[in-house]
Amino acid sequence: MTASNPSRDESSFRPGGRPPRAVPLDSTAQLMNAISSQLGSQLSLVSLNGARRPAPPALVLVGHGSRDPRALSTVRTLIDRIRELRPHLPVHLGHIELNEPLLPDTLAALADDSRAVLVPLLLSRGYHVKQDIPDAAAAATRVRTHLAAPLGPHPLLVETLHARLTEAGWRTRMSDPARRASAVVLAAAGSRDPESAVDTRRVAQLLAERLGVPVVPAYASAAAPTVPAAVRALAARGRHRVAVASYFTAPGRFATACAEAAPWIAAAPLGAHPAMARLVLHRYDQTLATTGSTPGSTTGSTPGSTPGSTPGSTPGSTPGSTTGPTTDPASAPALATA
């Protein structure tokens, strides 16, 4: 692909990609905390012998893209949270479709022979993870790329889902009769890839264990059951207090349609919850540890393969080569009880 030179903008003011914020001077404590944070960020770039450490590989967050402007705003807020947690880390955004910058353009703007970890802002395995993102990475011949696993399944997603349900009015403590009448529909986008359904069912199981009520996966498209069908099935079993948990990374058409089908309460999408920022960084760190870019011994696996397989490049590979995502124990298939 033809490389484009990135334009100079405010992101050049500091390695994290955002201009320094004004420090509030309300108190001496605030000032000292701000100085300590900035000093710690700069010291992390220097080794014990005083030499400057090489810049860490860039984190490229790969969003799907949406026509709903709230989606892009949500993703940008999530990136702000990631940068706050890891100020020295270069963080970039690339979309698969519908929004700019598109992923190929983001990769083209990176420096020659630089390294990047592509973290999908996607919740399960599927076509985008297995085909679209690897294709874009392989076409970026000037950059050494590593592909992270999708965000789900993972307990941090369950933490976020639980928080969103609580915000919507779910009671963490309820009587036995109320619990026997309650259930949750985990509303997801849907995919024709059967591994996507496996991943979603795993999250449903983890959420059911957290809540103590049945959690049934349902889908906005391409898979069954739909959210209304899942609600009807639960009602037929005496579960009339049914909440809809929005298993979407950001607001959009699917999330809105699923929420409208809720007979009781509907939670907001995952969004920019702090646990989501931690999960993105976990996938980034996990990928580097397993590809040898930081201490680790195995090459990452391609999407859908088992950890430890080596279809990708080995550590120290040439520009343009890719290593695929790894999985973690939370990805083990399991079904939710309903």
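Positions are given from 1 along the sequence.
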What heavy-atom pair brings [X] and [Y] nearest, and what distance separates the two atoms?
| X | Y | result |
| --- | --- | --- |
| G152 | L157 | CA-CD1, 3.3 Å |
| L102 | N99 | CD2-O, 3.3 Å |
| A245 | V184 | CB-CG1, 3.8 Å |
| A218 | V185 | CB-CG1, 3.6 Å |
| P56 | P90 | CG-CD, 3.9 Å |
| A187 | V244 | CB-CG1, 3.8 Å |

Checking [X] side chain against [Y] main chain: does a donor-acceptor pair fall under 3.5 Å?
| X | Y | value |
| --- | --- | --- |
| D199 | P153 | no |
| S196 | R192 | no |
| S221 | A189 | yes |

Mind checking the [atom1]-[atom2] spacing from [X] to [Y]? Nearest 0.5 Å is all I need.
| X | Y | atom1 | atom2 | answer |
| --- | --- | --- | --- | --- |
| F248 | T74 | CZ | OG1 | 13.5 Å |
| I82 | L78 | CD1 | CG | 4.0 Å |
| Y284 | L118 | OH | CG | 11.5 Å |
| E97 | H64 | CD | NE2 | 4.0 Å |
| R115 | L110 | CZ | CG | 12.5 Å |
| R179 | R241 | CZ | CZ | 10.0 Å |

Exercise. Hey, which of V117, L89, I79 is the one that makes side chain to side chain contact (heavy atoms under 4.5 Å, CB included) with L59?
Worked result: L89
Exercise. In this structure, which one of I96, T145, V60, V119 forms a side chain to side chain contact (heavy atoms under 4.5 Å, CB included) with I133?
Worked result: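 Exactly one option meets the side chain to side chain contact (heavy atoms under 4.5 Å, CB included) with I133, and it is I96.
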Exercise. Would V198 and R125 count as a side-chain contact (heavy atoms from CB on, under 4.5 Å) if you check the C-alpha gap in whole Å, the side-chain angles of each, and the deciding distance to 0.1 Å?
Worked result: CA-CA 9 Å; V198 170; R125 292 168 290 178; 4.0 Å; yes
For this session: Answer yes when R81 and E84 have at least one side-chain N-carboxylate O distance shorter than 4.0 Å, and no when they do not.
Result: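 Judged by the 4.0 Å cut-off on N to carboxylate O distance, R81 and E84 do not form a salt bridge.
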Indicate yes or no: at least one non-hydrogen side-chain atom of [X] is less than 4.5 angstrom from one of [Y].
| X | Y | value |
| --- | --- | --- |
| R144 | D113 | yes |
| D80 | R76 | no |
| L211 | L165 | yes |
| R239 | P214 | yes |
| W170 | S182 | yes |

Problem set entry | Worked check of side-chain contact (heavy atoms from CB on, under 4.5 Å) between L103 and D132 | CA-CA 10 Å; L103 178 57; D132 288 337; over 6 Å; no
Exercise. With the 4.5 Å side-chain cut-off for hydrophobic clustering, are Y127 and L98 part of the same group?
Worked result: no
For this session: Check the hydrophobic clustering (I, L, V, M, F, W, Y; side-chain heavy atoms under 4.5 Å; chains of links allowed) and say if Y219 and V227 are grouped together.
Result: no
For this session: Apply side-chain contact (heavy atoms from CB on, under 4.5 Å) to L123 and T200, showing your working.
Result: CA-CA 8 Å; L123 300 174; T200 303; over 6 Å; no
For residues 249-278, dump all side-chain donor-acceptor pairs below 3.5 Å to protein atoms at least two apart in sequence or in another chain.
from: T256; atom 1: OG1; to: G252; atom 2: O; distance (Å): 2.9
from: H273; atom 1: ND1; to: A275; atom 2: N; distance (Å): 3.0
from: R278; atom 1: NH2; to: E159; atom 2: OE1; distance (Å): 3.2
from: R278; atom 1: NH2; to: E159; atom 2: OE2; distance (Å): 3.1

Exercise. Any chance CD of E100 has more than 12 other-residue heavy atoms, nucleotides or ligands included, within less than 6.0 Å?
Worked result: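 Incorrect, the count does not exceed 12.
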Exercise. Given the rule in the side-chain contact (heavy atoms from CB on, under 4.5 Å) test, do L121 and L151 qualify, once you have shown the distances and angles that lead to the verdict?
Worked result: CA-CA 7 Å; L121 191 57; L151 298 185; 3.6 Å; yes
